[in-house]
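Following: one structure in structure tokens, then a few remarks.
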Amino acid sequence: MPKPVLLMTRRLPPAVEARARRDYEVRQNSDDRLLSAAEILRNAEGADAILCAPGDRLDADLIARLPQSVKVIATFSVGFDHIDIAAARARGIPVCHTPDVLSVATAELAMLLILAAARRAGEGERLVRAGRWTGWAPTQLLGTQVSGKRLGIFGMGRIGRELARIARGFQMEVHYRDVAPLPEALAQGAVYHASDESFLPLCQFLSLNAPGGEATRKWLNAERIARLPRGAVVVNAARGSLIDDAALIAALKTGQVAAAGLDVYEGEPDLNPEYRTLENVFLLPHLGSATVETRDAMGFLALDGIDAVLSGKTPRNLVP
Ligand code: DGY
């Protein structure tokens with residue numbers, strides 16, 4: 001019996017590609033560049049499944065034009081803001097994603113942003129690399145201590161909760177803002193806030209861990225930034241769309257925000273060019289889930305979802 005056809009829009013880790021080739025006739029984007037909508041549609045002709053990734057734009061128009069052969073879409077990510085889920089539902093195409101398996105890696109990365117921004121790691125590294133470091137000095141690159149401070153988490157889902165767990169190791173006092181309080185077994189002592197007014201003034205550190213999409217677009221705007229304590233540190237390992245970049249850049253210039261750590265950007269890989277000019281921003285290229293263990297687990301989970309749909313079962317990783 002011929003194998004089902006799988007369109008893979010990006011290169012995936014070797015173990016994931018090997019499993020995909022074992023079970024599917026794989027149409028591979030060997031160049032590993034972002035495919036245009038026309039290329040996705042052309043390559044999807046006759047495919048049973050599409051395994052896509054952040055950066056691919058599966059909007060309503062593209063989904064409406066997908067060939068009838070496509071029975072399932074899986075994304076190599078937990079975030080699915082690049083896929084028009086309503087359009088997929090309207091076509092009866094289930095969409096799978098990769099929750100849980102990347103929570104620890106992404107929370108680690110958020111903690112890295114917190115530490116790097118607070119302790120001026122980017123500035124220090126640039127100094128050493130440029131050969132401009134003249135030696136230890138009592139007043140050189142003084143940052144702010146992380147341990148024992150208050151951390152506010154916007155979005156206390158799986159990744160937010162992992163970050164809270166790590167932050168407790170730094171004796172941080174954790175507060176969170178979300179649509180509803182968590183049961184105490186999940187909150188683990190973190191303090192819920194039903195309003196920005198009570199939440200933001202407490203946030204010596206603010207970490208954005210909410211999903212992207214319209215509901216959270218530019219959530220961190222000038223008004224909310226003004227409610228933070230002066231000298232707060234802001235980090236974002238979720239989606240660039242959560243931040244009003246102009247407002248954050250203005251606050252980084254005045255010192256209202258002392259430092260920021262960013263892993264994600266609106267319109268990435270492009271980013272607001274002003275970020276590159278600011279010493280007090282630590283910038284990473286969307287590395288949240290980028291560990292070998294995690295990327296393998298993401299690929300296997302995405303394939304599990306496709307396997308399930310094509311064999312008539314309900315996948316455990318359908319988007320909610
Ligand atoms: C995701 O899974 O949504 C991440 O942003 C990719 O690491």
Side-chain angles (χ1 to χ4, degrees), residues 8-13 15-17 20 29 32-35 50-59 72-85 88 94-114 153-163 166 207-217 219-220 234-243 245 260-271 282-306 315-320:
M8 254 166 38
T9 64
R10 301 301 301 267
R11 295 303 307 254
L12 296 180
V16 178
E17 289 195 354
N29 168 13
D32 199 26
R33 61 176 171 79
L34 278 182
L35 298 177
I50 299 178
L51 179 42
C52 65
D56 295 325
R57 257 176 61 75
L58 275 68
D59 60 15
V72 54
I73 297 170
T75 180
F76 188 82
S77 60
V78 65
F80 45 84
D81 47 323
H82 53 294
I83 303 174
D84 191 317
I85 300 298
V95 180
C96 301
H97 67 145
T98 64
D100 297 316
V101 293
L102 47 59
S103 303
V104 171
T106 308
E108 275 182 5
L109 195 286
M111 197 66 207
L112 168 66
L113 295 177
I114 288 173
I153 298 178
F154 174 64
M156 194 67 157
R158 291 168 287 245
I159 297 168
R161 296 198 297 273
E162 283 299 335
L163 175 60
I166 295 170
S207 177
L208 305 182
N209 296 101
E214 278 317 303
T216 55
R217 180 162 296 283
W219 180 84
L220 189 64
V234 170
V235 304
N236 187 9
R239 283 292 181 265
S241 58
L242 270 78
I243 293 181
D245 290 319
L262 305 176
D263 185 45
V264 286
Y265 310 89
E266 175 85 61
E268 63 184 56
D270 295 332
L271 57 147
F282 180 75
L283 303 170
L284 289 179
H286 202 149
L287 294 180
S289 62
T291 69
V292 173
E293 300 89 330
T294 297
R295 291 280 165 91
D296 280 354
M298 289 166 69
F300 296 148
L301 182 54
L303 288 172
D304 288 348
I306 294 172
R316 64 195 157 106
N317 56 330
L318 274 181
V319 299

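When a ligand or atom number is given, it counts from 1 through the structure's own listing order. When a residue number appears, it is its place in the shown sequence, counting from 1. As the structure is a prediction and not an experimental result, all values here were calculated from the model.
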query = Just heavy atoms, cut-off under 4.0 Å: does T106 contact ligand 1 by side chain, backbone, both, or neither?
reply = neither
note = Quick note on ligand 1: atoms under 4.0 Å from a heavy atom of V78 include exactly 1 (C), 2 (O), 3 (O)
Atom indices of ligand 1, in the order listed, that fall short of 4.0 Å to a heavy atom of L102 = 2 (O)
message = E108: which residues meet the salt bridge (charged side-chain N to carboxylate O under 4.0 Å, His left out) condition with it, sequence neighbours left out?
response = none
key: Under 3.5 Å: N/O of S77 near N/O of ligand 1   = no
Proximal atoms of ligand 1 relative to H286 (non-hydrogen, under 4.0 Å) = 4 (C), 5 (O), 6 (C), 7 (O)
ask   = Heavy-atom distance under 4.5 Å between the side chains of M298 and L301, does that happen here?
value = no
note = The reported gap from CG in D32 to CG in L12 (rounded to nearest 0.5 angstrom) is 8.0 Å
message = Does the residue H97 have a heavy-atom contact with ligand 1, meaning some pair of atoms that are separated by less than 4.0 Å?
response = no
ask   = Does any N/O atom on M298 come nearer than 3.5 Å to any N/O atom on ligand 1?
value = no
query = Just which atoms of ligand 1 are under 4.0 Å from any heavy atom in R239?
reply = 1 (C), 3 (O), 4 (C), 5 (O)
message = Any heavy-atom pair between the side chains of I306 and V72 that's under 4.5 Å?
response = yes
ask   = Is there a nitrogen or oxygen of G79 sitting under 3.5 Å from a nitrogen or oxygen of ligand 1?
value = yes
note = The atoms of ligand 1 lying under 4.0 Å from a heavy atom of S289, numbered in the order shown, are 6 (C), 7 (O)
request  = Compare all side-chain heavy atoms of C52 with those of H82 and state whether any distance is below 4.5 angstrom.
outcome  = yes
message = Is the shortest side-chain heavy-atom distance between R239 and R217 below 4.5 Å?
response = no
key: Validation row: N317, P99 side chains within 4.5 angstrom (heavy atoms)   = yes
